[in-house]
Amino acid sequence: MAASAWASGFLYSLLHTTNTFSLSLFQGNALDQFFCEIPHILKFSSSPAGYLREIGLIVVSACLAFGCFIFMVFSYVQIFRAVLRIPSEQGRLKTFSRCLPHLVVVSLFVSTDTFAYLKPPSISSPSLDLIVSILYSVVPPALNPLIYNLRNQELKDAIRKMITGCFSGAIKYLCSGV
């Protein structure tokens, strides 16, 4: 399964990269973005054939991604149905505590990614695009280890200590009248 995910990701990237390099561009080649994304590169394209080819690739990719999303939802429904059939409540809680962090990470990534690519053009601006790009490319991977390790009691204690230390330091600072 991992090999097929890597192979399909490589093929997807190769198709878009090949098509992007075949586009003829005008208006310069500087993008005011966190990283080069296909919609921003297409704004510089002077070739309608390359533009249409890239739009076709995006439509096919969106259909495949939607199929994967449906498969993922179906899989989660089957997992939750199986978990709910576990007779002991303690067994159900333990299983849910293992499944829910993964669901949180996947939901965070899918929701920010969906907003990035499906937001209406009327609310699109370079600064919003930059923030959203950073959000979906940095936040889920950064939170991934934290979310998966929340079952670890030592990590919970360290986070609690850090948060209470920050709040108590801020309260002392505000109360000192400085």
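Note that the coordinates shown come from a computational prediction; the quantities given were computed from them, not determined experimentally.
When all heavy atoms are compared, the tightest approach of V138 to P141 is O-CD, 3.4 Å.
Using a distance-only test at 3.5 Å, with no hydrogens or angles considered, a donor-acceptor pair links the side chain of S111 to the main chain of L108.
Taken together through direct or relayed side-chain contacts under 4.5 Å among Ile, Leu, Val, Met, Phe, Trp and Tyr, V73 and L103 form part of one hydrophobic cluster. The hydrophobic cluster containing I79 also contains F69, counting ILVMFWY residues as joined when their side-chain heavy atoms lie under 4.5 angstrom apart, directly or transitively.
Residues Y12 and L64 are not in side-chain contact: their nearest non-hydrogen atoms beyond the backbone lie 4.5 Å or more apart.
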Going by atom type alone, with no hydrogens or angles, which donor-acceptor pairs under 3.5 Å involve a side-chain atom of residues 80-89 and a protein atom two or more places apart or on another chain?
| unit_1 | atom_1 | unit_2 | atom_2 | d |
| --- | --- | --- | --- | --- |
| S88 | OG | G91 | N | 3.1 |

